[in-house]
Amino acid sequence: MPVSQRSDNATAPERAAPPVLGGVPEAYARLHREFTWAVPPHFNIAQVCCARWAAQPNASKTIAIHAYSTGAGGAFYTYFQLQEQANRLSNALVAQGVVRGDRVAIVMPQCFETAVAYMAVLQMGAVAMPLSLLFGPDALEYRLQDSDAVVAIADASSLADLRLTRKRCPLLRTVVGVGAPEAVQGLADCEFGDMLEQFSTQFTPVDTLADDPAILIYTSGTTGNPKGALLAHRALIGNLSGFVASQNWFGFDPHGDGAQLGTQAVFWSPADWAWTGGLMDALLPTLYFGRPIVAYNGRFSPETALELMGQCGVTHTFLFPTALKAMMKAFPGTDKQTVRQQFGLKLDAIMSAGEAVGDAVFSYCEQQLGIKPNEMFGQTEINYIVGNCNVLYPSKPGSMGMGYPGHQVRVIDDAGNECPVGVPGDVSLNRLDVHGQPDPIFFLGYWKNEAATQAKFTGDWCRTGDQAVRDADGYLWYQGRSDDVFKAAGYRIGPGEIENCLVKHPAVANAAVVPKPDAERGSVVKAYVVIAPDFVAACVSDPVATAQLHANLTRELQDHVKSLLAPYEYPKEIEFVDALPMTTTGKVQRRVLRQQEEERARQRGFVL
């Protein structure tokens with residue numbers, strides 16, 4: 001990622017500049033000038049994502065959820081079925097005493113029942129609180145306690161952990177188990193299917209306001225307990241301009257007048273529907289447009305992902321950079337047959353987010369998957385605010401893109417002033433769009449934490465805590481989290497560029513860069529590297545061969561970075577690991593590695 005690195009006491013070597021377009025692309029400028037928000041006073045996510053499609057004459061034939069299976073079978077569920085089951089569940093929740101504004105935990109994988117749960121909770125004016133199946137008892141307990149959740153709808157695999165936490169969550173009245181009766185019995189108060197059969201398929205939805213709370217998602221910070229970000233129903237509207245742009249108009253004609261009948265898009269993403277990426281960037285916007293989304297409840301693998309997309313006719317997807325890197329290493333393609341041809345892919349758009357894509361992955365997508373990826377940036381509090389749209393304006397490999405329509409995005413300094421071109425600052429979003437109208441993407445605030453909510457803002461600017469630089473054409477270039485960027489020998493180091501460079505080497509499956517405390521230079525650049533399987537295979541069970549491989553690769557990778565980046569950016573130390581610490585949403589947890597280095601330094605007697 002060609003961004004400038006600055007030193008407080010030295011002049012950085014001259015670096016290659018990003019490609020110059022001669023200013024902001026006209027198509028982008030026109031889109032921003034002409035775009036305006038239309039947020040009705042009354043709005044409900046479930047109504048626009050399901051009820052309106054279920055009311056259509058063809059609702060019993062229009063697919064909402066395609067439950068994919070790697071073996072025989074799989075199942076299809078229509079919008080009519082989704083609405084009927086949601087109505088049953090809403091009635092069941094009312095019978096359990098759930099009222100408007102109550103928090104209902106949803107601890108579920110990608111499956112039809114998860115979509116039913118969201119539609120049911122949202123149409124009754126309650127607040128859906130997604131929780132990952134990866135959460136252990138402590139993580140579940142904190143969120144259930146803090147949110148005062150009254151009901152949990154949970155997959156059978158999570159019931160044992162829920163049972164451990166329940167005695168310390170007195171407000172949690174009911175646990176609804178989803179799964180085979182024998183897997184649920186004794187661990188839940190009732191079984192999902194049995195419970196629904198007892199209730200009517202008719203339900204009168206609550207008339208919610210656009211500003212009413214809809215979703216509570218807990219986000220992890222660098223310090224302290226997770227914070228609950230409370231999203232309003234209108235947040236879905238705020239997502240849509242970015243979703244459509246990042247998905248290359250999602251099957252609609254970007255140059256049309258809006259009069260066309262619809263789109264034939266089919267969506268899939270491995271992103272967990274319990275996280276913002278899976279819920280707000282995949283499930284809900286796909287249903288908003290009345291299109292089918294593929295649900296797959298299984299472990300991610302490059303082969304399964306590519307087979308799924310080919311077999312299900314997936315046209316639009318959201319893939320984390322880590323997933324794309326894994327595909328690139330496992331299926332690099334050949335001169336005679338691209339990966340797109342090998343798996344019969346029909347992709348029209350790839351959105352990627354969570355980490356910087358990097359030009360190596362960008363080239364792979366373009367050459368092997370047949371489509372340039374649209375990098376996107378956002379966070380739970382203000383999602384889908386920056387990105388690319390290759391169908392309308394050119395992307396720059398490695399760039400985050402620019403603010404999506406309706407979002408006034410700037411790179412600002414500590415005082416809230418916009419940074420000049422090339423100067424790093426905090427990516428921030430204004431409460432108002434370019435026309436002075438409120439931006440509907442904004443979260444309502446952190447649950448029970450007004451101080452943290454206020455700390456997120458500088459005036460009308462909401463800070464993301466992510467660093468970027470702006471080039472002369474208006475494109476943003478990611479530098480890393482504010483707490484990931486560090487100084488080494490006086491130079492400002494953004495880990496993303498070095499990691500991207502390392503991954504270009506065929507021996508590297510993944511990499512993370514952090515500072516290692518150093519007495520003379522303050523910090524030195526250290527890389528944690530996961531070696532590609534093909535390179536490890538020859539050394540299995542041979543410590544001597546493994547040590548020699550590590551020594552050779554260390555020198556080779558250091559020279560590799562020196563030859564492509566600035567001399568001060570090469571990793572002075574490389575540690576080879578089997579895996580990097582990752583979040584459940586596919587982001588590398590540099591913080592974990594950074595803390596590990598700090599602890600090691602203390603053990604050496606280093607005073608931090």
Side-chain angles (χ1 to χ4, degrees), residues 49 63-70 74 77 106 108-112 114-115 118 130 132-134 215 217 236 239-240 242-251 263 265-328 343 345-355 357 361 365 369 371-380 383-384 387-388 582-587:
C49 288
I63 302 301
I65 308 293
H66 174 186
Y68 177 79
S69 172
T70 54
Y77 300 92
I106 300 173
M108 295 284 292
Q110 287 191 8
C111 63
F112 174 64
T114 306
Y118 281 119
S132 172
L133 287 173
L134 298 177
I215 299 166
I217 301 183
L236 177 60
N239 259 40
L240 293 176
F243 175 81
V244 170
S246 74
Q247 294 297 337
N248 288 339
W249 243 243
F250 202 53
T263 167
V266 176
F267 196 94
W268 173 72
S269 172
D272 188 345
W273 293 355
W275 295 104
T276 306
L279 182 62
M280 303 300 291
D281 304 351
L283 176 64
L284 294 182
T286 300
L287 298 181
Y288 175 89
F289 287 108
R291 297 305 304 156
I293 185 168
V294 180
Y296 173 60
N297 179 16
R299 289 182 63 85
F300 175 86
S301 76
E303 184 173 14
T304 299
L306 290 164
E307 287 178 347
L308 180 156
M309 290 191 289
Q311 294 170 12
C312 297
V314 171
T315 57
H316 296 77
T317 186
F318 161 28
L319 294 169
F320 296 113
T322 48
L324 291 169
K325 289 176 188 175
M327 290 178 183
M328 181 172 68
F343 289 92
L345 301 180
K346 300 179 178 63
L347 289 172
D348 292 329
I350 299 171
M351 184 275 277
S352 191
E355 291 280 321
V357 169
V361 172
C365 292
L369 304 185
I371 201 79
K372 294 178 180 178
N374 286 320
E375 188 161 353
M376 185 278 284
F377 168 83
Q379 52 186 208
T380 300
N383 190 41
Y384 242 129
N388 289 299
M582 309 287 285
T583 68
T584 52
T585 56
K587 298 180 184 179

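Bear in mind the structure is a predicted one, so any value in this text is a computation, not a measurement.
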N/O donor-acceptor pairs under 3.5 Å from side chains in residues 297-306, not counting sequence neighbours:
{"unit_1": "S301", "atom_1": "OG", "unit_2": "T304", "atom_2": "N", "d": "3.1"}
{"unit_1": "S301", "atom_1": "OG", "unit_2": "T304", "atom_2": "OG1", "d": "2.8"}

Under 3.5 Å, is there a donor-acceptor pair between the side chain of T315 and the main chain of K346? no

With heavy-atom distances below 4.5 Å as the criterion, would you say the side chains of Y384 and L240 are in contact? no

Is a side-chain N or O of Q110 found less than 3.5 angstrom from the main chain of S269, in a donor-acceptor match? yes

Among V294, T286, I63, find the residue that satisfies the side-chain contact (heavy atoms from CB on, under 4.5 Å) test when tested with V266. V294

With the side chain counted from C-beta on, respond yes when V357 and S352 share a heavy-atom pair under 4.5 Å apart, and no when they do not. yes

Tell me every residue that passes side-chain contact (heavy atoms from CB on, under 4.5 Å) with P130, counting only those two or more places apart in sequence or in another chain. Y118, I215, I217, A274, L279

What closest approach, in Å, do R291 and A265 show between heavy atoms, and which atom pair accounts for it? NE-O, 2.8 Å

Closest heavy-atom contact between G278 and A282? O-CB, 3.2 Å

Grab the two heavy atoms, one from C49 and one from L236, that are nearest each other, plus how far apart they are. SG-CD2, 3.7 Å

Test your reading of the model: is there a side-chain donor-acceptor pair from T263 to the backbone of F250, 3.5 Å cut-off? yes

Minimum side-chain heavy-atom gap W273-I106 below 4.5 Å: no

Between I293 and I65, is there a side-chain heavy-atom distance shorter than 4.5 Å? yes

Are L319 and C365 side-chain neighbours, meaning at least one heavy-atom pair lies under 4.5 Å? no

Evaluate the criterion side chain to side chain contact (heavy atoms under 4.5 Å, CB included) for residue pair T380 and W275; output intermediate values, then yes/no. CA-CA 9 Å; T380 300; W275 295 104; over 6 Å; no

How many angstroms lie between CG in L308 and OG in S69, if you round to the nearest 0.5 Å? 10.5 Å

Side chains of L369 and L324, heavy atoms from C-beta outward: is any pair under 4.5 Å? yes

Would you compute the distance between atom CG of D348 and atom CD of Q247 and round it to the nearest 0.5 angstrom? 9.5 Å

To the nearest 0.5 Å, atom CG of N239 lies from atom CG of N383 at 4.5 Å

Between F267 and F243, what is the ring plane arrangement, given parallel below 30°, perpendicular above 60°, and tilted in between? tilted

Using every non-hydrogen atom in the two residues, find where N374 and A245 come nearest and quote the distance to one decimal. ND2-O, 3.9 Å

Tell me the closest heavy-atom pair linking M327 and M309, and the distance in Å. CE-CE, 4.1 Å

Side-chain touch M376/F318, heavy atoms, less than 4.5 angstrom: no

Side-chain contact, heavy-atom cut-off 4.5 Å: C312 with Y68? yes

Taking all heavy atoms of A353 and all of P321, pick out the closest pair and write down the distance. O-CD, 3.1 Å

Between N248 (side chain only) and A349 (backbone N and O only), is there a donor and an acceptor less than 3.5 Å apart? no

